[in-house]
Amino acid sequence: MDTLAMHISNGIIDGPVAAIFAAFALAVLTLCVLRGRRDLDDRLAPMAGLVAAFIFAVQMLNFPIFTAGVSGHLLGGALAALLVGPWVGALCVAVVLVVQALVFGDGGVAMLGLNITNMAILGTAAAYLLIALLLRVLPRTPAGLGVTAFVSALVSVVVASQGFVLQYWLGGTVDLGGNLAGLAGTMAGVHLLIGIGEGLITATTVVTVAKVRPDLVYALRARKPVVPAPAVPATGGVR
Amino acid sequence: MSKRPWPFVLGGLLVALLLAGVVSNYASSHPDGLDSSLLKGCTVNAEDEITGGSCPAQRAKDHELADSPLADYGVRGVGNGFLSTGLSGVIGVLLTFALGGGLFWLARRRGTATAGTPTAPAGGTATGPADGSSEPAGDRDARAAGAR
C-alpha cells in the first residue's frame, strides 16, 4: 500500500477540461456561499465544521465491497445535505477535498475542480433532491429518516461516479477506443456497491444524531411554506 | 431558546478523532471504486503499479505535492505505520475542523434575528463593539471565499 489515492489523480483528465471544471466548481461554490449564508447561524456554523471533519475521518475508512480486491469509502454529500443543508453541505465536502489535495497529496491539485464537481456538487445536489422528495412522502419516523438517508446516499454515489464518466468523455487522456459505455458500466456497478456502504453509514449517522439532538438535523427542521404565508400565526405543529 | 450546539460538536469531534486516529488503521487497502475502474485493462503488480496493458489510468502522473510531509495519509519520519496513519488522521480531522469551522464561522449570519432582515439596525450595533465595524468583516469573508 504505497499510495493511498481516493480521488482523480493528475494526468487522468487533460488540462483544458480540468480548467473548465475548476471554473464551474468555483462558480457553484460561490453560489453556495451566498445561499448558504442564509442557513449559517451561530448553531449551524460549528455543526458544519464538525460535518467536514467527520467526513474527512470517515473517508479514510475504506471498506471492502463484494467485488474482491476493490474497496469503497464515503463521499459524504448525502450526509452533509441531511445535517447542514445542500448549500453548506456542498461547501463541507469541498473543504474536505481541498484539505486532501493540498495537504495529503490525494486528488491532483489540477484535478480539484473535477473532484469537487463530482463529489461536492453533483453528489450533494442529487442527494438533496431525493431527500426533499422522500421526506415529503415517507413518515416522519426514524425509519423514514433512515430510508431517506440510505436511498439518497446510494443514488448520490452513482451520480457522482457518472460525473467522472462525463469528464472522461470530454477530456480523458487515454483513448478508450469508443468503449466509454464500458467505463460507465464499470463505474456504475462498482459505485452501486459502494453506495450500499455509503447508505448504511449515512443512515446510521443521521438517525443517531436525530436521536441525540434532532434540532441539529437540518432536514428535520420545519420546512418553510411553499407559498409565502400571510402574517397569521402558524396553525401547524411548527416548533 | 435553542440549545447550544457545542457539547454535541465536541462529542462528534472526539468520535471523528477516534475514527481517523485508530479505526483508519483497519481500513481496506485495496484500490477504491474509481481507482479500480481506471485500472481495468492494465496489469498491476503487488504495489498496484501498472506493468502493462491499456487502461484509463496509464497516463496518471505524480501529485504536485507528493512530497508533502503528510502525503498519502502518513506522517513523514514516523516509522511505525499504525502511528503514522493515525497521527495523519488526527491532524487531518483537526485541520479540516479548523479550516471548515473557521470559514463557516466567519461567513455566518451575525445575531439570531429573523432570517433575511439585515436592515434591523439593532443587530448591527449590538455586534459592532465586539468585532469592530461590520464592513471589514464582510471584506474578510469575501476574500476568504475567493481564496478558494
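To find a chain, count down the sequence lines: A is the first, B the second, and so on, and within it residues start at 1.
- Counted by atom type alone, B/S28 and A/N62 present zero donor-acceptor pairs between their side chains at under 3.5 Å.
- In B/W105, the CH2 atom is crowded: over 12 heavy atoms of neighbouring residues, nucleotides or ligands sit closer than 6.0 Å.
- Between B/R108 and A/D42, at least one side-chain nitrogen of the basic residue sits less than 4.0 Å from a carboxylate oxygen of the acidic one, meeting the salt-bridge criterion.
- Pairing each heavy atom of B/V75 with each of B/S84, the nearest pair is N-OG, 2.8 Å.
- Remark: the backbone N or O of A/G107 is not paired with any side-chain donor or acceptor of A/S9 at under 3.5 angstrom.
- Between chain B and the options A/I12, A/T173, A/V190, A/V109, heavy-atom pairs under 4.5 Å are most frequent for A/V109.
- For a residue to count as touching a neighbouring chain, one of its non-hydrogen atoms must lie under 4.5 Å from one of that chain's; by this rule A/F56 touches chain B with the side chain only.
- For the set B/A20, B/A57, B/G33, the count of heavy-atom pairs under 4.5 angstrom toward chain A peaks at B/G33.
- Put simply, of B/L17, B/V15, B/L65, B/L70, the one with the most heavy-atom pairs under 4.5 Å next to chain A is B/L70.
- Contact of B/L38 with chain A is made through the side chain alone, with heavy-atom distances under 4.5 Å.
- At a 4.5 Å heavy-atom cutoff, B/A66 makes no contact with chain A through either its backbone or its side chain.
- Residue A/T186 touches chain B through both its backbone and its side chain, counting heavy-atom pairs closer than 4.5 Å.
- B/T51 and B/T43 share a side-chain donor-acceptor pair at under 3.5 Å.
- Comparing A/G36, A/G172, A/G189, A/P46 by how many heavy-atom pairs each has under 4.5 Å with chain B, the most go to A/P46.
- Taking chain B as the reference chain and counting heavy-atom pairs below 4.5 Å, the highest number among A/S71, A/A57, A/G49 is found for A/S71.
- For the set B/G41, B/A98, B/S88, the count of heavy-atom pairs under 4.5 angstrom toward chain A peaks at B/S88.
- Taking a cutoff of 4.0 Å between a charged side-chain nitrogen and a carboxylate oxygen, A/R43 and A/D41 do not qualify as a salt bridge.
- Taking the six-membered ring where tryptophan is involved, the planes of A/F164 and A/Y168 are tilted, since the angle between them lies from 30° to 60°.
- With a threshold of 4.5 angstrom between heavy atoms, B/D67 does not approach chain A through any atom at all.
- Only the side chain of A/V99 comes within less than 4.5 Å of a heavy atom of chain B; its backbone N, CA, C and O stay farther away.
- Neither the backbone nor the side chain of B/V90 has a heavy atom closer than 4.5 Å to any heavy atom of chain A.
- Residue B/S24 touches chain A through both its backbone and its side chain, counting heavy-atom pairs closer than 4.5 Å.
- Per-residue counts of heavy-atom pairs under 4.5 Å with chain B were compared for A/G182, A/A101, A/G72; the largest is that of A/A101.
- Checking A/H7 against A/N115 by side-chain atom types alone, no donor-acceptor pair falls below 3.5 Å.
- Interface residue B/S54: only side-chain heavy atoms are found under 4.5 Å from chain A.
- Heavy atoms closer than 4.5 Å to chain B are found nowhere in A/A25, neither backbone nor side chain.
- At a 4.5 Å heavy-atom cutoff, the contact between A/L61 and chain B is made by backbone and side-chain atoms alike.
- Neither the backbone nor the side chain of A/V51 comes within less than 4.5 Å of any heavy atom in chain B.
- Using a 3.5 Å distance cut-off with no hydrogens or angles, the side chains of A/Q162 and A/N118 do not pair a donor with an acceptor.
- In this structure, chain B has no heavy atom under 4.5 Å from any part of A/I55.
- What you find for A/L44 and A/V84 is that their closest heavy atoms are CD2-O, 3.8 Å.
- For the pairing with A/N10, the side chain to side chain donor-acceptor pair (under 3.5 Å) check across B/R59, B/H63, B/E64 returns one residue only, B/E64.
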